[in-house]
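Every chain is numbered from 1 and lettered A, B, ... according to where its sequence line falls, protein lines coming before strand lines.
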Protein chains: 2
Amino acid sequence: MSVTIKDVAKKAGVSPSTVSRVLSNHPRISRETSRKVKIILEEMGYHPNIMAQSLVSKTTNSICVILPKSAEELFLNSFFMELVRGIVTQANRSGYDVVLSSGGSEQEEIDVVSRLINGKRVDGAILLYSRKDDSVVEFLQSNHHPFVLIGRSDKYPNLLSVDNDNVQAAYDATKHMISFGHKRIGFVSGPPNHVLSVDRLKGYQKALEESGIDMRKDWIVEGEFLQESGYRAMSFFMNLPERPTALVVVDDIVSFGVLRGLHELGYKVPDDLSIVSFNNISIAELSNPPISSIDIGIYNLGYTASQALIQSIQHQGEPQFQKRHIIPHRLVVRESSMFSMVDQTHQI
Amino acid sequence: MSVTIKDVAKKAGVSPSTVSRVLSNHPRISRETSRKVKIILEEMGYHPNIMAQSLVSKTTNSICVILPKSAEELFLNSFFMELVRGIVTQANRSGYDVVLSSGGSEQEEIDVVSRLINGKRVDGAILLYSRKDDSVVEFLQSNHHPFVLIGRSDKYPNLLSVDNDNVQAAYDATKHMISFGHKRIGFVSGPPNHVLSVDRLKGYQKALEESGIDMRKDWIVEGEFLQESGYRAMSFFMNLPERPTALVVVDDIVSFGVLRGLHELGYKVPDDLSIVSFNNISIAELSNPPISSIDIGIYNLGYTASQALIQSIQHQGEPQFQKRHIIPHRLVVRESSMFSMVDQTHQI
DNA sequence: ATGAAAGCGCTAACAT
DNA sequence: ATGTTAGCGCTTTCAT
């Protein structure tokens, strides 16, 4: 068995409480005993039993993150790792551990979160929120458990959450195209039930409007966050009698599909079609040509979420300093959009 | 405060121990009380305090995974997520939670693991083992803590570990090239201090030897697991007076760099140079052209590691059924190697 | 079949 | 400045 506080106390000839006080640097403890006890602590290789600590302190210094497992959301792969890195880094810095869990279904997710939170294994939860409606949120919300959303909820607009300004991001992406002289700009969207798709579409429309460009319904296509969606969108656009000269694409992976399709058909990017997309995952940089992308600060998203959650855990009851955190985005211009319509005579 | 076993006992008019017994389906409990207590349990929304449980049971039903944070290993991004998915899925199925942690340095990693394991927060650890030597392994090993390696250790060949047969994998990849008629096959390796690089190089050499093809030292280049390494390797090879017609590349990301460089210089893959690499991360399929790659079963690697660890935790002391688990690999042939030298007259 | 009591390892009043 | 005691929520002998 491992060394307990009692063992140390006995060997040091003091009481367990004294050892405990030494451990927590209690002020009213003599230099001398402190030194003595610390030596024995070291000598015996003492390690505090975290479970015992948290049983009495009623706090676990842990948070949990729920992995979405549904295939639909797996597009997030490299995305998700970045997020988790951000979360774990910040949590560890604040002295918190991160428990990762996954639920097959929404009900399973609730069961998992409930077991962890109600079972006092973790102090709070971070949720990846993409669905428009989510019963896990409902559960946490109604039970007053500390949690933070990555994304935003239409239904509960006032939750603690970390998100990008996706409307603005899409606005910026579209403006970027417009500034290069494009007037025929298409939009490849994601599933219409994701807040993300909706927001980005909104920003796109706003930018067009503001520049006096008519929005054309037939230049907006919806799909999944999958390469195939991009491929399909591409073939759709290229078969149109009137084609766009630029595309704003909801996600890098989708752009990848577009690119591949264009390449197969012998079109050149950005000469024949300019492209800008979102998320700036590593694939955007690696692709051929590299894709201009809105960097949404994925790591930062995770880092901030963890920070916000831990803060809210440590200041339960107090009014929240900030409810909604917006992570700044920035456009990373790469080859896929480096083509000015202005100095060109030819158009496709 | 939340509902405890005592609260339930009081309301049910029984003793705490009875409630506990009902909870654990103890045989010697009457149908009647069991039913009654269960109803109240439900009614009051009881959830067992996991910390209290594990304090008495001396088991945590948790394992931890250490995230390598060093930039050098970040090439693993999408790789790592797959791994974690496998680990979490299997662990959850076995009723275990997964704690994710990261250490900046090797010493920090030891501190983290030590805190978690000695502090009885987790029962064991999963380690990503890529370095040739690793003090974390040393620590766990010498303290008899349950752990499993993903990868293998030269120094401690007999540890519980999950790995691929990388020699065979590289052998297969190389043979694949040879079967297409290639006789001039180069190898782009990773850092020479990774067992992975060494093993794959070994397999490459073995395949050449067996086919009576001379190995040429100048057709083997070492690098990092980065795109740039591929780029550099490519330019190196293409500037050689005598060029290879095929390349075996240690990692998909590296292949990606090769591909990009070739594209820039106007070379065609596979016509001018055939390529096969390892890991089969999503980028391999998405790339242009898609890269032939050895699928090493990343998810499976994680799943099996978790399984092996939990088994070893639950059967501590007993002799291990199996020490080294080998996850099968398989070659996924895509466009980058679909080119037969045999029916060709022209060669670069 | 059930209850009483002890104890897991730790902290925090409450003494002194 | 340090020791004594009680108790966190649970399980598990040991009684009955």
Lys323(A) atom NZ, over 12 foreign heavy atoms within 6.0 Å: yes
Regarding the side chain of Val56(B), the nearest nucleotide among dG7(C), dT2(D), dG9(C) is dG7(C)
Base, sugar-phosphate, or nothing: which does Lys58(A) touch, judged by heavy atoms less than 4.0 Å apart? sugar-phosphate
Between C1' on dC10(D) and CG on Asn61(B), what's the gap in Å once rounded to a whole number? 15 Å
Take the protein atom CD of Gln53(B) and the nucleotide atom C1' of dG9(C), then report the distance between them rounded to whole Å. 17 Å
Please classify the nucleic acid contact of Thr33(A) as base, sugar-phosphate, or nothing, using heavy-atom distances under 4.0 Å. sugar-phosphate
Return the value, rounded to whole Å, for the distance between atom CZ of Arg21(B) and atom P of dT12(D). 10 Å
Length of the NE2-P vector between His26(B) and dG3(C), whole Å: 13 Å
Between CZ of Arg21(B) and OG of Ser34(B), what distance do you get to the nearest 0.5 Å? 12.5 Å
Phosphate OP1/OP2 of dG3(C) contacted by Ser15(B) side-chain N/O (<4.0 Å): yes
Counting any heavy atom closer than 4.0 Å, what does Ser20(B) reach on the DNA or RNA strands: base, sugar-phosphate only, or nothing? base
Quickly work out the Glu32(B) CD to dT2(C) P distance and round it to whole Å. 9 Å
So what does Ile29(A) touch, heavy atoms closer than 4.0 Å: a base, only the sugar-phosphate, or nothing? sugar-phosphate
Between dG9(D), dC10(C), dG3(D), which nucleotide has the shortest distance from any of its atoms to the side chain of Thr18(A)? dG3(D)
Would you say the side-chain atoms of Ser94(A) pair up with the backbone N or O of Tyr96(A), donor to acceptor, closer than 3.5 Å? no
Give a yes or no answer on whether the side chain of Ser306(A) reaches the backbone of Gly302(A) with a donor-acceptor pair at less than 3.5 Å. no
What does Gly13(B) touch in the nucleic acid at a heavy-atom separation under 4.0 angstrom: a base, only the sugar-phosphate, or nothing? sugar-phosphate
Whole Å only: how far is the CD1 atom of Ile5(B) from the P atom of dG7(D)? 18 Å
Separation of dC10(D) atom P from His47(B) atom NE2, nearest Å, is 12 Å
Winner on side-chain proximity to Asn49(A), out of dA1(C), dA1(D), dC10(C), is dC10(C)
Using heavy atoms to find the nearest nucleotide of DNA chain C for Val14(B) and Leu23(A) separately, return the residue whose nucleotide is more 5′. Val14(B)
I'd like to know if Ser17(B) reaches the base of dA4(C) with its side chain, counting only an N/O donor and acceptor under 3.5 Å. yes
Run Thr18(B) and Ser15(B) through side chain to side chain donor-acceptor pair (under 3.5 Å) and show every step you take. CA-CA 5 Å; Thr18(B) 302; Ser15(B) 80; 3.3 Å; yes
Distance, rounded to the nearest Å, where Leu55(B) contributes CG and dC8(C) contributes C1': 4 Å
